Amino acid sequence: MRTVFWENNELKMIDQRILPARFEVVSYRGHKEVAHAITDMVVRGAPAIGAAAAFGLALAGYESASSSTSGLLADLQTAAAVLKSSRPTAVNLAWAVDRIMTVAGKMKEERNVDQLRLLILDEAQKLADEDVQINKRMAEHGAALINDGDTIIHHCNTGALATVDWGTALGVIRTAHEQGKKIHVLVDETRPRLQGARLTAWELEQYGIPYEIITDNMSGYFLQAGKAQKVFFGADRVAANGDVANKIGTYMLSLAAYDNGVPAYAVVPTSTIDLSLAHGDLIPIEERNPNEVLDIQFQGEPVAPKNAKARNPAFDVTPNRLITGIVTENGVVYPPFEVNLKGVVK
Ligand code: MRU
């Protein structure tokens, strides 16, 4: 099953807020509800939110009462702005919305209003199907970097749940496992939303890949002790110089990997590479509700004092010097990233 899919004129998505306790699929008929689902992290992961937004535009097409293609396009533009503003860091979201809007804009003279609605849905479906193919190509390139017997530290969730299917960094691990390589994954919890402990562990169980959960602050210990040979993660946006914005904690993990001579790879579709931004300081970093940090319990009691305040930046930027290679569907890119990234972005 796919994480994000179209069925019976509705957008359907696996509800990632409640996994692994319950597996539920939720249905959407309006683009505003889709935008809210992205903000609320029913769906999360850069490629998955891109696909959700693309289908959100298809819904906006059907929501529009316009009988002219220019009226439909105006309604779509409003919907595009709503969808784009749902989360700021992952460039895949804006990339997907822009791709659909470009196709709609080009065809508005050649199609009638109903044909245009269908065309938008077709394009969203194409984008979703391509995501799966791209992930499988990345996985082949990335799996070649994994040796039999490797222990890999993985951050956040980058699997089928973070994409339409298969995954980015976790897709690499999955393909290496399917190739018969004996691998072990140290799954870091990924505070505060625990995408590692909840979602990555759940996926690894489905695939039969051996793993253990570690708290985020244990990575340095395992790297220093020589107990992990590789670090793999995804990204929400890669700047033109190879600086990588990814889930909060990626920077600290990459520092510890670098200090111990352990290679750290980012696995990203080229739609995650934003050549318009020269370096990572220009990437917008989402700051989420502090309750995500505070609403955690220990032995049934809240961990923090009642009036505690908290900060909650959802992403950080890992400077390019800490990244060994960037795996894309068009091959693995090595430094100097400012030169070599241009070669893989078509
Ligand atoms: O806040 P999230 O769960 O959407 O963050 C997801 C990540 O940081 C992933 O590592 C990233 O989107 C790339 S994986 C497909």
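Counting starts at 1 for both ligands and their atoms, following the listed order. Keep in mind the model is a prediction, meaning the values are calculated, not measured.
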Check ligand 1 for close polar pairs with the protein: N or O on both sides, less than 3.5 Å.
unit_1: ligand 1; atom_1: 1 (O); unit_2: R87; atom_2: NH1; d: 3.4
unit_1: ligand 1; atom_1: 1 (O); unit_2: R87; atom_2: NH2; d: 2.8
unit_1: ligand 1; atom_1: 1 (O); unit_2: K247; atom_2: NZ; d: 2.7
unit_1: ligand 1; atom_1: 3 (O); unit_2: R44; atom_2: NE; d: 2.8
unit_1: ligand 1; atom_1: 3 (O); unit_2: R44; atom_2: NH2; d: 3.2
unit_1: ligand 1; atom_1: 3 (O); unit_2: Q195; atom_2: NE2; d: 2.8
unit_1: ligand 1; atom_1: 4 (O); unit_2: G45; atom_2: N; d: 3.0
unit_1: ligand 1; atom_1: 4 (O); unit_2: R87; atom_2: NH1; d: 2.8
unit_1: ligand 1; atom_1: 8 (O); unit_2: D236; atom_2: OD1; d: 3.0
unit_1: ligand 1; atom_1: 8 (O); unit_2: N246; atom_2: OD1; d: 3.1
unit_1: ligand 1; atom_1: 8 (O); unit_2: K247; atom_2: N; d: 3.3
unit_1: ligand 1; atom_1: 10 (O); unit_2: N246; atom_2: OD1; d: 2.7
unit_1: ligand 1; atom_1: 12 (O); unit_2: A46; atom_2: N; d: 2.8
unit_1: ligand 1; atom_1: 12 (O); unit_2: D236; atom_2: OD1; d: 2.9
unit_1: ligand 1; atom_1: 12 (O); unit_2: D236; atom_2: OD2; d: 3.4

Is I248 isolated, or which residues cluster with it under the ILVMFWY side-chain rule of less than 4.5 Å, directly or via members?
none
Greater than 12 external heavy atoms within 6.0 Å of Q224's CD
no
By the rule that ILVMFWY residues connect when side-chain heavy atoms come within less than 4.5 angstrom, directly or transitively, which residues belong alongside V333?
I153, L186, I214, M218, Y221, F222, L223, V231, F233, V238, V244, L253, V262, V268, I273, L275, I323, I326, F337, L341, V344, V345
Please identify which of these residues, N135, T3, T175, meets the side-chain hydrogen bond (donor to acceptor under 3.5 Å, both in side chains) condition with W166.
T175
Between the side chains of N241 and D243, does any donor sit under 3.5 Å from an acceptor?
yes
Identify every side-chain donor-acceptor pair in residues 73-82 under 3.5 Å, counting partners at least two apart or on other chains, and give the distances.
unit_1: D75; atom_1: OD2; unit_2: S64; atom_2: OG; d: 2.6
unit_1: T78; atom_1: OG1; unit_2: A74; atom_2: O; d: 3.2

